[in-house]
Amino acid sequence: MADKKAAKLPRKAYERELLRLQTELVKLQEWVRAEGARLVVVFEGRDAAGKGGTIKRVAEHLNPRVARIAALPKPTERERTQWYFQRYIEHLPAAGEIVLFDRSWYNRAGVERVMGFCTTEEYQLFLRQCPIFERMLVEDGILLRKYWFSVSDTEQQERFRRRLEDPLRRWKLSPMDLESITRWEAYSRAKDVMLVHTDISETPWFVVESDDKRRARLNMIAHLLGSLPYRDAPPPVLELPERPESTGYVRPSRDLQTYVPDHAANL
């Protein structure tokens, strides 16, 4: 387990290693595409634990046609009447695809349980069915990785405070996020029960210590890469063609089109 008291990772070291890992992620993407693999990565954890920032770095240089983020809103009235896992199934990858779940079916084991958005019977049914559901995914050939981002109560509160004061990040906060401060122990108990029931050999949980966001991002990405049997998949050979000779095309006058004003000229 990482030492929470370790010094913050220097930015230069972080950026250098992040670039190297992101290069490997591109190789992983090409392997997934070439092999027709199906990869699912589940990101769960406390509010403000750094899931979103990590997902952003994972997907930053990947092809959105291959790697996509699934961040589902609250279920509709129709979805509430479906089998609980049904709304997530339609977002699972086809051959050659990667899906990053920014929260997942584990909402039922966390926020729904703590906030009373599901009944005790629905919660207990989830705990029984979830391992079966995930075993079915693995048996069908899906590569499933699950990461729990762990943050201390003091660090979480500090991140909430910074978000409240930052107009560019204030949207990340909701009343329910702030509610998690007063329900810290309830969320802790819910997480402990969840791990007991769903940390199975076929789909184990991997905990990411995230008081230092830079370390958390590097550690998670490195672990993901190390857990998969990817290899270099040679990209198709491409050659830049010669531009053909002009056939007499004349561009219309600029006066016939409306251009965006040059805002940058005033800087």
Side-chain angles (χ1 to χ4, degrees), residues 11-41 43 50-74 76 78-79 87-104 142-143 162-163 165-174 213-214 217-218 220-222 224-225 228 230-267:
R11 178 172 293 278
K12 286 187 177 180
Y14 161 72
E15 292 177 346
R16 181 173 59 250
E17 180 62 7
L18 178 62
L19 180 60
R20 187 189 72 80
L21 292 174
Q22 288 176 325
T23 302
E24 291 299 312
L25 284 171
V26 172
K27 294 180 183 178
L28 169 64
Q29 167 191 264
E30 292 307 298
W31 174 80
V32 166
R33 182 189 55 79
E35 294 292 322
R38 292 173 292 164
L39 174 60
V40 171
V41 187
F43 294 79
K51 301 180 298 297
T54 304
I55 292 171
K56 179 179 178 181
R57 272 67 180 187
V58 170
E60 188 171 8
H61 298 290
L62 301 184
N63 183 345
R65 293 184 177 87
V66 175
R68 53 189 168 83
I69 300 170
L72 277 61
K74 67 179 183 180
T76 64
R78 180 176 182 274
E79 288 172 332
R87 70 192 294 252
Y88 296 98
I89 289 174
E90 64 178 291
H91 295 277
L92 293 174
E97 294 180 349
I98 301 169
V99 177
L100 311 174
F101 275 96
D102 185 355
R103 296 200 179 277
S104 65
I142 288 179
L143 300 167
R162 290 199 298 266
R163 287 180 181 183
E165 297 172 354
D166 186 345
L168 297 180
R169 293 191 295 170
R170 196 175 298 143
W171 64 269
K172 292 185 176 184
L173 277 179
S174 69
K213 289 184 178 181
R214 296 173 188 169
R217 293 165 186 167
L218 299 184
M220 179 268 150
I221 297 172
L224 174 65
L225 291 168
L228 295 166
Y230 78 99
R231 60 184 181 278
D232 277 340
V237 177
L238 301 175
E239 292 185 4
L240 190 65
E242 294 292 333
R243 188 175 296 278
E245 295 291 332
S246 172
T247 58
Y249 168 77
V250 177
R251 184 175 181 176
S253 169
R254 292 175 61 90
D255 295 336
L256 298 178
Q257 297 170 328
T258 302
Y259 286 82
V260 171
D262 189 2
H263 168 78
N266 299 319
L267 299 180

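Using a distance-only test at 3.5 Å, with no hydrogens or angles considered, a donor-acceptor pair links the side chain of Glu97 to the main chain of Ala94. Using modelled atom types, no side-chain atom of Gln22 and backbone atom of Val58 make a donor-acceptor pair closer than 3.5 Å. In this structure, Glu79 contributes its side chain and Thr76 its backbone to a donor-acceptor pair below 3.5 Å. Under a 3.5 Å cut-off, the side chain of Arg20 and the backbone N or O of Arg16 do not form any donor-acceptor pair.
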- Message: Run the side chain to side chain contact (heavy atoms under 4.5 Å, CB included) test on Leu143 and Val40 for me, step by step, so that the C-alpha distance in whole Å, both residues' side-chain angles and the decisive distance to 0.1 Å come before the verdict.
- Response: CA-CA 6 Å; Leu143 300 167; Val40 171; over 6 Å; no
- Task: Could you go through the side chain to side chain contact (heavy atoms under 4.5 Å, CB included) check for Thr23 and Leu25 one step at a time?
- Result: CA-CA 5 Å; Thr23 302; Leu25 284 171; over 6 Å; no
- Message: For Val99 and Leu39: C-alpha separation, side-chain torsions, deciding distance, then whether side chain to side chain contact (heavy atoms under 4.5 Å, CB included) applies.
- Response: CA-CA 6 Å; Val99 177; Leu39 174 60; over 6 Å; no
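Nearest heavy-atom pair across Val26 and His61 is CG2-O, 3.8 Å. Nearest approach of Val66 to Gly96, heavy atoms of both residues: CG1-O, 3.4 Å.
The line from OH of Tyr14 to CZ of Arg57 is 4.5 Å long, rounded to the nearest 0.5 Å. Expressed to the nearest 0.5 Å, how far CG of Asp232 lies from CH2 of Trp31 amounts to 12.5 Å. Here the straight-line distance linking atom CG of Leu92 with atom CD of Glu90 works out to 9.5 Å at 0.5 Å rounding. Atom CD1 of Ile221 is separated from atom CD of Glu24 by 11.5 Å, given to the nearest 0.5 angstrom. Expressed to the nearest 0.5 Å, how far CD1 of Ile55 lies from CZ of Phe43 amounts to 5.0 Å. Atom-to-atom distance recorded for Arg214:CZ and Leu18:CG is 11.0 Å, nearest 0.5 angstrom.
Counted by atom type alone, Tyr230 and Gln29 present zero donor-acceptor pairs between their side chains at under 3.5 Å.
A salt bridge does not link Glu30 with Lys27: none of the charged nitrogens is closer than 4.0 Å to a carboxylate oxygen. Taking the charged nitrogens against the carboxylate oxygens, Glu15 and Arg11 do have a contact shorter than 4.0 Å, which makes a salt bridge.
Contact of the Lys51 side chain with the Arg103 side chain is registered, since non-hydrogen atoms from C-beta on lie closer than 4.5 Å. No side-chain heavy atom of Trp171 sits less than 4.5 Å from a side-chain heavy atom of Arg163.
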When the side chains of residues 246-253 are checked against the rest of the protein, which donor-acceptor pairs come out under 3.5 Å, sequence neighbours left out?
{"residue": "Ser246", "atom": "OG", "partner": "Gly248", "partner atom": "N", "Å": "3.1"}
{"residue": "Arg251", "atom": "NH2", "partner": "Tyr259", "partner atom": "OH", "Å": "3.4"}
{"residue": "Ser253", "atom": "OG", "partner": "Asp255", "partner atom": "N", "Å": "3.2"}

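The side-chain contact (heavy atoms from CB on, under 4.5 Å) test applied to His91 returns Arg68, Ala70, Leu72, Phe101, not counting sequence neighbours. Scored by the side chain to side chain donor-acceptor pair (under 3.5 Å) test, Lys172 finds no partners at all (sequence neighbours excluded).
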